[in-house]
Amino acid sequence: WSPSSGLSSNTISNPQAFPSSTTIYTVTVTDVNFCIDTETVIVTIYNLPVVNAGNDTAICVGDTIQIGGSPTSATGINFSWSPATNLNSTTVANPNAFPVSTITYTVIVNDANTCFNSDSIVVSVNNLPIADAGDDTTICDGVPVVIGGSPTGPVGSAFSWSPATSLSSTTNSNPTATPSSNITYTVVVTDINSCLNSDSVQFTVNPNPVADAGLGDTLCAGDSLQLNGSGGGLYSWTPLDSLTDPNISNPIAFPADTITFFLIVTDGNNCKDTDSVTVNVNQLPLADAGPDLWICPFDSIQIIAGGGVIYS
C-alpha cells in the first residue's frame, strides 16, 4: 500500500486507515506467479459538524433559559443533550433548561455523514436573595414606624417597596411608614446577581381616641373648679400641680394664676390623643376699709373703703 502514512500497515491486505485528510491509497497485489496488479481506493475525510452549546451563563433559582448556540449546529441532523436533568427535551437543538443547581450540559451532534462532535455549557444557578419585610404589626393612626427586616436583604441589593402610600422612601431598605388605614407593603429585593425575591408586611391601623378637655372657665384666685375630660380609658393631665388627681377624667383644679391644662387620653389599643383647656384666674381685689377711727358717743363719722366697685 502507498502512501503508507495513515495506515496501520502497508504490507497486509486490510490495514486500518486513519488519514488526516482525503487520501488516495494504491494497493499493489502480487500473486504466486509473481504477476502484479494495482488498484486504488479513495478515503474521503469529512469535516466534523461545528457544534456550539452556547456560552457559559448564570441564572437564578426558578428561572428558565434556552441553551445551545445560534445555531447549535448548521449541519447537524441529530442532537443529544445530557444529562436530561431539568431539560424540556434532550433531542432538540435549543432546549429549555431550568436547573436548581449549577450543572454542565453536553450536546452531541451527528450530521448526514454520521460524523459527530460535542460541546458543553455550564449553567450556574444563583440562590435568590433573602427578603424580609418585617413582622406584621398593629399601630395607631399617625404613628410612624420603620419597616423592613434586620436586614431587609443582602448588602449591595436594590429595594423596591409598594405601594408608595405613606412611605418616606420606596427604595430604602428600611423606610418609615405612617399609614392611616390597614395596608400591606411588599418589598422586592434584587441582589448583585440580578436575582430577586419579595416579602410582605401587613399593618393594622387602629383609630386614635378623640380627647376632649372640656370648656374653659374663669374663676377667682383661691376658688376651684372641676375639669371634665372625656374620650379615653386612661387620663393624664399636666401640669400636675393645682390638681387633686391628674390621672382621672374630672380632677378638681385650684390654680393660683391663669393656666392651660393639657389632657392625654389613651384607649384600650394604647392609642392616644391630646386636648387642652385654659382656666382664667382673676386676682382678688385689695379691700381697704380705711384707718381705724374714734368718735364721741352719739357722734357720727364717715368711713371710707376702697379697692372695689361693689361694697357690702
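In this chain, residues are counted from 1 in sequence order.
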request  = Taking all non-hydrogen atoms of both residues into account, name the closest pair between Thr40 and Ile24 and its distance.
outcome  = CB-CG2, 4.0 Å
ask   = Heavy-atom count around Asp31 CG within 6.0 Å, excluding the residue itself: above 12?
value = yes
key: Working for side-chain contact (heavy atoms from CB on, under 4.5 Å), residues Asp273 and Asp275   = CA-CA 7 Å; Asp273 191 28; Asp275 194 24; 6.0 Å; no
message = Could you see if Val107 belongs to whatever hydrophobic cluster contains Phe98? Use Ile, Leu, Val, Met, Phe, Trp, Tyr and a side-chain cutoff under 4.5 Å.
response = no
key: Crowding at CD1, Ile192 (>12 non-hydrogen neighbours, <6.0 Å)   = no
inquiry  = Looking at Ala53, is its backbone amide N or carbonyl O close enough to the side chain of Asp119 to form a donor-acceptor pair, meaning the two atoms are under 3.5 Å apart?
reply    = yes
request  = Start with the C-alpha distance between Thr22 and Ile42, add both sets of side-chain angles, then the distance that settles side-chain contact (heavy atoms from CB on, under 4.5 Å), and finish with yes or no.
outcome  = CA-CA 7 Å; Thr22 297; Ile42 300 175; 4.0 Å; yes
Which donor-acceptor pairs under 3.5 Å do the side chains of residues 285-310 make with protein atoms, sequence neighbours left out?
unit_1: Asp288; atom_1: OD1; unit_2: Gly290; atom_2: N; d: 3.0

inquiry  = Donor-acceptor check, side chain of Asp212 to backbone of Gly231, threshold 3.5 angstrom: yes or no?
reply    = no
key: hydrophobic_cluster_shared for Ile65 and Leu128, side chain cutoff 4.5 Å   = yes
message = Do Ile183 and Ser166 have side chains that approach each other closer than 4.5 Å (heavy atoms only, starting at C-beta)?
response = no
request  = Give me the one residue out of Ser82, Pro99, Pro95, Ser120 that meets side-chain contact (heavy atoms from CB on, under 4.5 Å) with Tyr105.
outcome  = Pro99
inquiry  = Using side-chain contact (heavy atoms from CB on, under 4.5 Å), reason through Asn94 and Thr72 one step at a time and then give a plain yes or no.
reply    = CA-CA 7 Å; Asn94 296 89; Thr72 302; 3.5 Å; yes
inquiry  = Just verifying a value: how many Å separate Leu227 CG and Leu263 CG, rounded to the nearest 0.5 Å?
reply    = 9.0 Å
key: Working for side-chain contact (heavy atoms from CB on, under 4.5 Å), residues Thr218 and Asn282   = CA-CA 7 Å; Thr218 300; Asn282 292 325; 3.3 Å; yes
task = Answer with yes or no whether the hydrophobic clustering places Val265 together with Leu215; edges join I, L, V, M, F, W, Y residues whose side-chain heavy atoms lie under 4.5 Å apart.
result = no
ask   = Tell me, do Pro207 and Asp141 make a side-chain contact under 4.5 Å, heavy atoms counted?
value = no
inquiry  = Side chains of Ser2 and Tyr25, heavy atoms from C-beta outward: is any pair under 4.5 Å?
reply    = no
message = My understanding is that only one of Ser73, Ser118, Cys115 makes a side-chain contact (heavy atoms from CB on, under 4.5 Å) with Val109; could you say which?
response = Ser73
Same apolar cluster (I L V M F W Y, side chains within < 4.5 Å links), Ile147/Ile139 = yes
message = Is the shortest side-chain heavy-atom distance between Asn52 and Pro71 below 4.5 Å?
response = no
task = Flag the pair Thr44 / Tyr46 as yes when at least one side-chain heavy-atom distance between them is below 4.5 Å, and no otherwise.
result = yes
key: Distance, nearest 0.5 Å, that separates SG of Cys140 from CG of Asp267   = 6.5 Å
Asn206 to Thr138 - nearest heavy-atom pair and separation = ND2-CG2, 3.1 Å
request  = Output the distance between atom CG (Asn270) and atom CG (Asn208), rounded to the nearest 0.5 Å.
outcome  = 10.5 Å
ask   = CH2 of Trp1 to OG1 of Thr28: how many Å apart, nearest 0.5 Å?
value = 9.5 Å
ask   = Got a donor-acceptor contact below 3.5 angstrom from the Asp56 side chain to the Val122 backbone?
value = yes
note = What one should report as the nearest heavy-atom pair of Asn172 and Phe159 is O-CB, 3.9 Å
Path from Val145 to Tyr185 over hydrophobic side-chain contacts below 4.5 Å = yes
key: Closest heavy-atom pair and its distance - Ser173, Thr152   = O-OG1, 2.8 Å
Heavy-atom side-chain contact between Leu196 and Cys60 under 4.5 Å = no
ask   = Which heavy atom in Trp161 sits nearest to a heavy atom in Leu167, and how many Å separate them?
value = CB-CD1, 3.7 Å
ask   = Looking at side-chain heavy atoms only, is the closest gap between Cys271 and Val143 below 4.5 Å?
value = no
query = When you measure from the side chain of Asn174 to the backbone N and O of Gly149, does any donor-acceptor pair fall under 3.5 Å?
reply = yes
request  = Taking the side chain as every heavy atom from C-beta outward, state whether Thr23 and Pro3 have any atom pair closer than 4.5 Å.
outcome  = yes
key: Test item: Thr244 side-chain N/O and Ile252 main-chain N/O as donor-acceptor pair under 3.5 Å   = yes
message = If we ignore hydrogens and angles and just use 3.5 Å, is the side chain of Asp191 paired with the main-chain N or O of Asn193 as donor and acceptor?
response = yes
Asn182 side-chain N/O to Val205 backbone N/O, donor-acceptor pair under 3.5 Å = yes
query = Roughly how far apart are Phe254 CZ and Leu243 CG, rounded to 0.5 Å?
reply = 7.0 Å
inquiry  = If I take atom CG from residue Asn86 and atom CG from residue Asn96, how far apart are they, to the nearest 0.5 angstrom?
reply    = 12.0 Å
ask   = Backbone N or O of Val281 within a donor-acceptor pair of the Thr258 side chain at under 3.5 Å?
value = yes
inquiry  = Quick one: does any side-chain atom of Thr102 pair with a main-chain N or O of Val125 as donor and acceptor, under 3.5 Å?
reply    = yes
ask   = Does Val92 offer a backbone N or O that forms a donor-acceptor pair with the side chain of Trp81 under 3.5 Å?
value = yes
message = To check you understand the geometry: which heavy-atom pair defines the closest contact between Asp199 and Ala133, and what is its length?
response = OD2-N, 2.9 Å
